[in-house]
Amino acid sequence: MAPSDRPHRSGGAEPETTPGPPASGAVSDRAADLVAALAGLKAEAEQQIRSAADGDALQRLKTDYLGRKAGRVSAILKALPSLEAEARRTVGQAANDAKAAIEQLLASAEAEHAARAAPPAGDLTMPARPAWRGALHPVTLVATEICEIFHELGFTRAVGPEAETERNNFTALNFPPGHPALDMQPTFYLGTGALLRSHTSPVQIRVMEAYRPPIRVTIPGRCYRRDPFDASHAPVFTQVEGLCVDEGISFVDLKAAITFFARRFFAAGVNVRFRPSFFPFTEPSAEVDVECQLCHGSGCPACKGTGWMEILGCGMVDPAVFENVGVDPERYTGWAFGMGLDRAAMVRYGIPDIRLLFEADMRFHRQFVGSV
Ligand SMILES: [Zn+2]
């Protein structure tokens with residue numbers, strides 16, 4: 001029977017149903033009345049509990065029905081001592097049943113009210129936070145830009161592992177063991193014959209051993225050196241390297257390609273100069289400077305008053321390197337360059353401290369949102 005169908009007991013009206021064992025002839029009329037009263041009480045309690053407005057109302061109903069001294073169930077139980085033993089048992093059982101039923105109704109109603117009263121998980125009236133937009137790291141931006149400029153000259157992109165063999169990183173690139181040039185690139189050794197590459201040049205070796213000329217590749221990647229971590233140095237940095245090998249390649253091709261690149265990357269018509277230098281794997285070798293982009297050649301603190309900024313090292317591939325990878329130096333010539341991308345990004349975006357590139361500070365990186 002649904003609760004709403006239960007007859008509402010007022011005064012001494014008999015309910016239509018009585019829980020528990022039916023009153024038999026052995027049980028007195030008095031006991032039957034009490035059992036019926038308990039059933040009525042339970043039905044009434046159920047109705048009131050269902051319509052209780054809040055937890056306080058439930059608490060009041062609890063006291064009203066189940067209170068030890070003045071509760072309505074207790075009031076009925078007061079009649080027990082005057083009953084026969086069997087009638088006492090019957091009424092006692094009915095009272096316990098009614099009490100348990102009311103307690104259960106109260107408990108589930110309390111849980112319902114508590115759940116309704118709990119604060120919502122969040123403030124639904126708060127305006128939505130704008131969606132986060134990611135940005136490419138400034139070093140990735142310049143790496144992509146540089147590779148794309150060289151792509152226009154027919155260069156594809158190659159990559160290699162950061163953990164390298166000593167042979168690919170040094171020996172095959174014409175750094176003889178014990179040669180003073182090794183001091184220019186102190187790196188982290190991983191055990192016998194293995195190290196963290198100190199430049200991207202070992203990928204030149206890998207490319208020349210995997211493919212025959214003509215070769216035109218740009219090689220971006222991370223490199224490691226035992227440098228301090230200060231405003232202009234980091235023990236991990238990013239380079240991009242270029243390699244061009246073919247028949248009849250001369251220094252003129254190198255100069256033309258690097259000048260084309262500098263004028264695309266920095267500014268159209270920017271002055272570029274080549275200064276003689278030394279690298280074990282190129283001969284002749286040159287450092288390339290571009291006119292300082294801050295003072296346009298008049299001299300400022302950024303260019304230490306020279307009016308020039310050094311951007312990369314380059315040169316004609318040393319014939320000894322070709323011999324090490326099985327390319328005929330009588331037939332082929334080539335040029336290569338290597339450029340620090342962290343510094344290129346600093347120049348391009350006016351970044352004063354290289355550590356900003358590594359600190360993952362969102363205030364810094366958010367400035368690059370929308371740069372591609
Ligand atoms: Zn300057």
Side-chain angles (χ1 to χ4, degrees), residues 135-150 152-153 184-185 199-200 218 220 222-223 225 227-242 251-252 254-279 282 284-315 335-359 361 363-372:
L136 290 178
H137 191 279
V139 169
T140 306
L141 290 172
V142 294
T144 306
E145 189 179 344
I146 291 167
C147 289
E148 278 171 5
I149 292 170
F150 278 97
E152 292 173 30
L153 300 176
M184 290 157 59
Q185 301 195 11
H199 49 179
T200 40
T218 44
R222 292 215 149 189
C223 311
R225 285 188 200 175
D227 276 345
F229 198 32
D230 62 27
S232 54
H233 297 84
V236 52
F237 56 98
T238 314
Q239 264 194 347
V240 67
E241 177 116 359
F251 200 89
V252 173
L254 166 63
K255 267 190 100 167
I258 297 296
T259 305
F260 168 83
F261 157 71
R263 290 183 175 162
R264 286 293 305 275
F265 186 73
F266 294 102
V270 72
N271 283 321
V272 179
R273 73 175 183 185
F274 289 71
R275 284 181 290 114
S277 186
F278 168 79
F279 304 109
T282 48
S285 304
E287 302 272 6
V288 177
D289 302 335
V290 294
E291 197 177 274
C292 175
Q293 293 300 290
L294 297 175
C295 63
H296 297 285
S298 59
C300 71
C303 58
K304 298 191 179 90
T306 62
W308 295 97
M309 287 180 119
E310 186 184 317
I311 57 160
L312 56 82
C314 60
W335 57 262
F337 77 89
M339 179 174 180
L341 288 176
D342 307 84
R343 194 136 318 157
M346 289 166 78
V347 171
R348 163 53 58 89
Y349 299 111
I351 299 166
D353 190 320
I354 199 170
R355 289 171 291 197
L356 285 165
L357 298 173
F358 296 91
E359 283 168 351
D361 185 333
R363 293 169 300 178
F364 172 74
H365 287 285
R366 269 197 207 107
Q367 300 175 75
F368 298 92
V369 171
S371 3
V372 280

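Each ligand, and each atom within it, is numbered from 1 in the order the structure gives.
Inter-residue side-chain proximity for F358 and D342 is flagged as met; some heavy-atom pair is nearer than 4.5 Å.
Using bins of under 30°, 30° to 60° and over 60° for the plane-to-plane angle, the ring pair F368/Y349 lands in the perpendicular bin. Ring planes of W335 and F150: tilted class, angle from 30 to 60°.
Remark: the backbone N or O of T200 is paired with a side-chain donor or acceptor of Q239 at under 3.5 angstrom. No donor-acceptor pair under 3.5 Å is formed between the side chain of H199 and the backbone N or O of C223.
Annotation: protein N, O or S atoms under 2.8 Å of the Zn ion (ligand 1) (waters excluded) comprise C292 SG, C295 SG, C300 SG, C303 SG.
Taking the ring centre of F237 as origin, the terminal cationic atom of R225 falls outside the region bounded by 6.0 Å and 45° from the ring axis.
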